Amino acid sequence: MEFVHKSVLFDEAINALSLDGEKIVVDATAGGGGHSREIAKTAKKLICIDQDPDAVSVLKDRLKAFDNVTIVQNNFSNIKEILKELNINKIDGLLMDLGVSSFQLDNGERGFSFHKDAPLDMRMSKSGLSAKDVVNTYDSQQLANIIYRYGEEKYSRRIADNIVKAREKKPIETTFELVDIIKSSLPQKAMRDSHPARKTFQAIRIEVNGELDVLKTALDDAFDCLNSGGRIAVITFHSLEDRIVKEQFAEWCKGCICPKEFPVCVCGNKPKGKALKAVTPTEEELKENPRARSSRLRVFEKF
């Protein structure tokens, strides 16, 4: 199956990096190479990172014409180690296009989609803890906490209890088995607006891949690696990851934190950069790619 990913907010993300022929840029979630190919045309050097071995294989083929590109199979939370191994001290731009790719969703074997019957997997790296492990080994409280925290699903307790009951009879092995359990756990009114399994699948995927934990680490380390005037551009797809990005950018933009009653600043804290206005997809893009509906681009420029 061809690795396809419709790059969301494509032009906006490329423009946000403010590219020229002298910049070193990291595409931290290179995927099928949509953004990477465009960046490579202008950047002095591009480092493409992806933890999915299928993506890395495709990137090597699609970007083979560019001698300024280095492709690394790794998690973007290890950016400091990656750059150190490449003898790169500082970068001028970094792009993160978060979430699951169209290829991962559409490839039934990967188990990301609630629309396709497949083995429960959801591992972006194709290694380590799987969705099947989570569903069949976590206790009811753990499952409920994950589904509520990462999926913002108010029926998390009911879903978790029914998962545990179902697996007492036999292991839960496929996506449709899980979907049926989720559907049986929700009242009819809760299934009108969107697919009833969407929130739970999101939650389990985030748990399997540690997505929110690695995002915070990656942002901190990317900032340390960024040159003055460099930019970090992040495309998010749900409120949890967007909140992390927004709050981190706000923290970097924060100036004096002394109490208001202090006549002069004694903390010495100064803004480390500025956050540019967040961007969302146009109506035209949403018509072409409905999966872009929840996406948002945030950009930070380091002083």
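Computed from a predicted model, the values in this text were never measured in an experiment.
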May I ask you to check whether over 12 heavy atoms, not counting those of Lys90, lie within 6.0 Å of atom NZ? yes
For residues Gln141 and Arg157, is any side-chain donor paired with an opposing acceptor at under 3.5 Å? yes
Short question: side chain of Asn136, backbone of Ile172 - any donor-acceptor pair under 3.5 Å? yes
Whether Gln202 side chain and Tyr150 backbone form a donor-acceptor pair below 3.5 Å: yes
Do the non-hydrogen side-chain atoms of Val8 and Phe237 ever get within less than 4.5 Å of each other? yes
Charged N to carboxylate O below 4.0 Å: is that the case for Asp54 and Arg110? yes
Note, Arg205 side chain near Val208 side chain (heavy atom, < 4.5 Å): no
Grouping I, L, V, M, F, W and Y whenever their side-chain heavy atoms are under 4.5 Å apart, do Leu94 and Val214 come out in a common cluster? yes
Looking at Phe66, I want to see if its CZ is surrounded by more than 12 non-hydrogen atoms of other residues, nucleotides or ligands under 6.0 Å. yes
Of all heavy-atom pairs linking Val56 and Ile71, the shortest is CG1-CG2, 4.0 Å
Leu63 vs Arg37, test: side chain to side chain contact (heavy atoms under 4.5 Å, CB included). Steps then yes/no. CA-CA 7 Å; Leu63 302 177; Arg37 188 156 38 194; 3.9 Å; yes
Are Val179 and Lys183 close enough that some pair of their side-chain heavy atoms sits under 4.5 Å apart? yes
To the nearest 0.5 Å, atom CD1 of Ile47 lies from atom CD1 of Ile79 at 8.0 Å
Closer than 4.0 angstrom, basic N to acidic O: yes or no for Glu81 and Lys84? no
Answer yes or no: are there more than 12 heavy-atom neighbours, outside Lys189 itself, under 6.0 Å from its atom NZ? no
Smallest separation among heavy atoms of Glu38 and Phe10, with atom names: CB-CZ, 3.6 Å
Counting distance only, does the side-chain N/O of Ser295 pair as donor-acceptor with the main-chain N or O of Ala292 below 3.5 Å? yes
With Val135 as reference, evaluate Ile181, Ile204, Val164, Thr200 under the side chain to side chain contact (heavy atoms under 4.5 Å, CB included) test and give the passing residue. Ile204
I'd like to know if the side chain of Glu285 reaches the main chain of Leu9, judged simply by a donor and an acceptor atom lying under 3.5 Å from each other, with no hydrogens or angles considered. yes
Check whether any side-chain heavy atom of Ile14 sits under 4.5 Å from a side-chain heavy atom of His35, and report yes or no. yes
Could you walk me through whether Lys132 and Asp121 pass the side chain to side chain contact (heavy atoms under 4.5 Å, CB included) test, one step at a time? CA-CA 6 Å; Lys132 181 180 176 181; Asp121 194 324; over 6 Å; no
Between Asn75 (side chain only) and Ser77 (backbone N and O only), is there a donor and an acceptor less than 3.5 Å apart? yes
Heavy atoms only: give me the nearest Lys199-Glu153 pair and the separation to one decimal. CD-OE1, 3.7 Å
Backbone of Pro290 reached by a side-chain donor or acceptor of Arg293 within 3.5 Å: yes
Is there a path of hydrophobic side-chain contacts, each under 4.5 Å between heavy atoms, that joins Phe303 and Phe249? no
Are any non-hydrogen side-chain atoms of Glu207 and Tyr138 less than 4.5 angstrom apart? yes
Between Arg198 and Phe114, which heavy-atom pair has the shortest distance, and what is it? CA-CE2, 3.4 Å
Treating Asn209 as the side-chain partner and Arg123 as the backbone partner, does any N or O pair qualify as donor plus acceptor under 3.5 Å? no
Under a 4.5 Å side-chain heavy-atom rule over Ile, Leu, Val, Met, Phe, Trp and Tyr, are Leu240 and Tyr148 clustered together? no
One pair to check against side chain to side chain contact (heavy atoms under 4.5 Å, CB included): Phe201 and Thr175. What are the steps and the verdict? CA-CA 9 Å; Phe201 269 60; Thr175 53; 4.0 Å; yes
Which atoms form the tightest heavy-atom contact between Leu17 and Lys23, and what is the distance? O-NZ, 3.9 Å
With a 4.0 Å cut-off, would you call Lys216 and Asp213 a salt bridge? no
Tell me whether Lys45 at atom NZ has more than 12 heavy atoms from other residues, nucleotides or ligands lying less than 6.0 Å away. yes
Quick check for you: to the nearest 0.5 Å, what is the distance between Leu219 atom CG and Met96 atom CE? 4.5 Å
Lys165/Asp161 ion pair, N-O < 4.0 Å: no
Is Leu129 reachable from Ile206 through a run of I, L, V, M, F, W or Y residues, each pair having side-chain heavy atoms under 4.5 Å apart? yes
Can you establish whether the number of heavy atoms outside Glu109 located under 6.0 Å from its atom CD is more than 12? no
Should the heavy atoms of other residues, nucleotides or ligands under 6.0 Å from CD of Glu283 be counted, would the total exceed 12? no
Please assess Ser294 against His238 for the test side chain to side chain contact (heavy atoms under 4.5 Å, CB included), listing each intermediate value before the final yes or no. CA-CA 6 Å; Ser294 58; His238 58 77; 5.7 Å; no
Say you draw a straight line from CD1 of Ile244 to OG of Ser239; how long is it, rounded to the nearest 0.5 Å? 10.0 Å
When you measure from the side chain of Gln142 to the backbone N and O of Asp139, does any donor-acceptor pair fall under 3.5 Å? yes
Would you check if Leu215 and Thr236 make a side-chain contact, meaning some heavy-atom pair closer than 4.5 Å? no
With no hydrogens and no angle check, is any side-chain donor or acceptor of Asp27 less than 3.5 Å from a backbone partner on Leu46? no
Anything under 30° is parallel, anything over 60° is perpendicular, the rest tilted; go ahead and classify Trp252 against Phe300. tilted
Atom pair CG/CG of Leu178 and Asn162 - distance to nearest 0.5 Å: 11.0 Å
Kindly compute the distance separating NZ (Lys302) from NZ (Lys272), expressed to the nearest 0.5 Å. 10.0 Å
Sub-3.5 Å donor-acceptor pair from the side chain of Arg231 to the main-chain atoms of Val299, do we have one? no
Are any non-hydrogen side-chain atoms of Glu211 and Leu98 less than 4.5 angstrom apart? no
Inter-residue atom distance Ile91.CD1 - Asp224.CG, 0.5 Å rounding: 10.5 Å
Considering only heavy atoms from C-beta outward, does the side chain of Leu143 approach that of Val134 to under 4.5 Å? yes
With sequence neighbours excluded, residues passing side chain to side chain donor-acceptor pair (under 3.5 Å) with Ser130: Asp133
Nearest heavy-atom contact between Ile182 and Ala197 is CD1-CB, 3.8 Å
